[in-house]
Amino acid sequence: MELGSMTKLLVLRVSTKTLTGGIPPSLGNLSLLIYFSVAYNNLEGNIPESIGHLKSLSAFGVAVNKLNSMVPSSLYNLSSISAIDFVFNQLSGALPANIGLTLHNLKLFFIGENEFFGPIPGSLCNASKLQILDLGRNNFVGSVPTNLGYLLDLEHLRLSYNNLGRDLDLTSLGNCSKMESLIFKSNQFEGVLPNSIGNLSTQLNALKFGGNQISGIIPTVLQNLINLNSLEMDENLFIGVIPTYFGKFQKMQGLDLSGNKLSGQIPSSTGNLTQLVQLNFSRNNLEGSIPPTIVGNLKNINSLDIFENNLSGEIPTTIGNILNLEELHLQGNSFEGIIPSSMAYLKGLELLAVSRNNLLEFIPKGLEKLLFLKYLNISFNDIEGPLPIVGVFKNVDATSVIGNNKLCGGIPQLQLPKCPKVTKSRKSLAS
Ligand SMILES: *[C@@H]1O[C@H](CO)[C@@H](O)[C@H](O)[C@H]1NC(C)=O
Ligand SMILES: *[C@@H]1O[C@H](CO)[C@@H](O)[C@H](O)[C@H]1NC(C)=O
Ligand SMILES: *[C@@H]1O[C@H](CO)[C@@H](O)[C@H](O)[C@H]1NC(C)=O
Ligand SMILES: *[C@@H]1O[C@H](CO)[C@@H](O)[C@H](O)[C@H]1NC(C)=O
Ligand SMILES: *[C@@H]1O[C@H](CO)[C@@H](O)[C@H](O)[C@H]1NC(C)=O
C-alpha cells in the first residue's frame, strides 16, 4: 500500500533499521498524523515541504539517519508540534527568528549533530514549555540569548561544539529552577566564570564547559551546586588552587579539571568524593604528594589521571586498594621511590603509565600476571633489574621501557642487555 493513501493514519513508527531511500512527499497526505518516528534507519534526501500539511503532528522523529538539505520552513510552522528529534543527520539551515512563536508548544527540541548554522533565536524564550534544548554539534554562532531564563521548565540545555561566545552570561539561567544539565563544551566562551554560576539550580547534576577560554580562579560560589555528579571544566585557562570545598560534592562521579593552569596541592578533601569514578587533574601545575585520602577512600575510581603536573613523593602503597582501577596515568611528574608491589592486586588494571618520573628499583612481581593489562609505560625512570617476558611484557607494542639504563632481560625485541646470572648459593644466604 502507498504511504500517501493511508490517510487515516495517526501514528507511524518504524525503527527496524530497514528503511532506505527518501521520505516520500506523499507523507503530507496523512493529514491526521500525530506521531511520526523513523529513527535509526538509512533514510537519505530531504524532509519534504509537504510536511507542512500535517496540522495535527505532535512528534516528528528522524534521529540517526542520513537526511540532508535545509529543513523546509513549513515544518517550523506546525504549531501542534511538541517534540522534534533530528539528532545525527546532515540537516541544515538557520533557525527562523520567530521559531519560538510558531512552535510555541515545543517541549523537546533535539537537533544536535547536524549542520545548522546562524544565531540561536531569542524567540526560543517564548516556547515556554521547553524542557530539553539540544543544539550541540552544529555551527551555531554568536551569543546565547540572555532571556532563556523565561523557560521555567527547562531541564537540559546542550550547546556543545558550536562557535558560541564570547561572553558567558548565566544570570538569566538562574531562573530555570528545574535545570539538571548545562553543557557548553568546545565553544568560544571567555572571561572569568561569573558569580551567577552559583545561582544556577541546585538540581543541576551535570555542568560541562571544557574546551573554552575561561580564565581566573574557580569561584567560591560554585560550591552552591551541591548535587553535581559530573563537572567538566577541562581545557580552559583556570588559575589558582583546587578549592577545598570540592570535597562537599558528595554525589560527584566524574571530575575533570585537566588542561588548566591550576597550582598548589591536591586538596585532601578530594578523598571525601567517595562516589568518584573518574578523576582527571592532569596537565596543570599541581605540586606536593598524592593525599593518602585519595587512595584510601576512593574505592570506586576506575580512571585516575594526574599526569603532567609537578607532583612528587612516593606512589602510596594503598593504591592497591582501589580495586576498580583500570587506568592509572602518573607520567610526567617527579614521583620517587618504587612502583608499589600492591599494584599487582589491581586485577582489572588495563593501563599503567608512570614514565618520566624518578622511580627506582625493580618492577614489582605480579604485574606480568595482570590479565587485562594492555599498556605499560615505565620509560625514563631509574628502574633496574630483570624484565619479565610474559603478560604485558610479551608485547613490544604494549610496553615502553626505554630510558631506564639498568634494566636487563625481557623479550629480545626490546634489545636490553642480558641479566647477570644470579647464583643462589646457600653460602651467600648464610653469610
Ligand atoms: C498524495 O500526495 C501526492 C504528492 O504530495 C499527490 O500527488 C497524491 O495525489 C496524493 N494522494 C494520494 C492518495 O497519494
Ligand atoms: C506559515 O504560516 C503562515 C500563517 O499561517 C503562512 O502565512 C505562511 O505562508 C506559512 N509558511 C510556510 C512556509 O508554510
Ligand atoms: C516573548 O517572550 C517575552 C518574554 O516573556 C515577552 O516579553 C514577549 O512579549 C513574547 N513575545 C510574544 C510575541 O509573545
Ligand atoms: C529572572 O529572575 C530575575 C530576578 O530573580 C528577574 O529580574 C528576571 O527578569 C528573570 N527573568 C530572566 C529571563 O532573567
Ligand atoms: C545570586 O546568589 C547570591 C549568593 O550567592 C545572592 O546574593 C544573589 O542575590 C543571587 N542573585 C539572584 C539574582 O538570585
Side-chain angles (χ1 to χ4, degrees), residues 34 47 49 51-60 70-87 91-112 114 116-136 138-160 162-184 187 189 191 193-204 207 209 224-225:
I34 294 173
I47 297 174
E49 177 78 34
I51 184 94
H53 299 150
L54 308 183
K55 297 295 180 202
S56 304
L57 197 64
S58 166
F60 183 74
M70 305 276 251
V71 171
S73 52
S74 61
L75 186 143
Y76 299 115
N77 236 5
L78 292 175
S79 60
S80 52
I81 285 200
S82 67
I84 289 178
D85 188 354
F86 290 159
V87 166
L91 294 165
S92 71
L95 298 179
N98 63 350
I99 185 172
L101 301 170
T102 55
L103 299 184
H104 55 87
N105 283 310
L106 205 55
K107 287 185 182 153
L108 314 176
F109 192 43
F110 293 95
I111 66 169
N114 278 288
F116 290 96
F117 51 81
I120 301 177
S123 74
L124 281 170
C125 84
N126 295 81
S128 58
K129 299 175 184 168
L130 259 181
Q131 295 170 355
I132 305 183
L133 182 55
D134 171 13
L135 308 179
N138 280 290
N139 301 311
F140 288 110
V141 295
S143 53
V144 179
T146 52
N147 57 13
L148 293 180
Y150 289 114
L151 300 173
L152 296 181
D153 286 335
L154 194 63
E155 292 171 12
H156 304 277
L157 179 58
R158 302 182 194 146
L159 305 171
S160 299
N162 280 291
N163 295 311
L164 300 165
R166 300 189 166 264
D167 282 345
L168 186 57
D169 184 349
L170 303 170
T171 320
S172 160
L173 291 180
N175 295 9
C176 305
S177 59
K178 299 180 183 170
M179 182 91 86
E180 290 176 25
S181 71
L182 174 59
I183 302 180
F184 50 97
N187 277 286
F189 293 103
L193 207 53
N195 271 332
S196 52
I197 199 157
N199 295 64
L200 293 174
S201 168
T202 53
Q203 303 286 310
L204 202 67
L207 177 59
F209 52 90
N224 297 355
L225 305 178

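Heads up: numbering here begins at 1 and tracks the sequence. Counting starts at 1 for both ligands and their atoms, following the listed order.
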K.L.:
Protein non-hydrogen atoms only, distance under 4.0 Å: does atom 7 (O) of ligand 3 have such a neighbour?
P.N.:
no
K.L.:
Decide if the gap between the ring center of F209 and the ring center of F189 is smaller than 6.0 angstrom.
P.N.:
no
K.L.:
Below a 4.0 angstrom heavy-atom separation, can you tell me which part of L101, side chain or backbone, both or neither, approaches ligand 3?
P.N.:
side chain
K.L.:
Checking side-chain contact (heavy atoms from CB on, under 4.5 Å) for the pair Y76/V71: CA distance, chi angles, key distance, verdict?
P.N.:
CA-CA 9 Å; Y76 299 115; V71 171; 3.6 Å; yes
K.L.:
Please confirm whether N126 comes within less than 3.5 Å of ligand 3 when only nitrogen or oxygen atoms on both sides are compared.
P.N.:
yes
K.L.:
Strictly below 4.0 Å, N to O, side chains only: are K178 and D153 in salt-bridge contact?
P.N.:
yes
K.L.:
Around atom CG of N163, are there more than 12 heavy atoms of other residues, nucleotides or ligands at under 6.0 Å?
P.N.:
yes
K.L.:
Is atom 2 (O) of ligand 3 near the protein, in the sense that some protein heavy atom lies at less than 4.0 Å from it?
P.N.:
yes
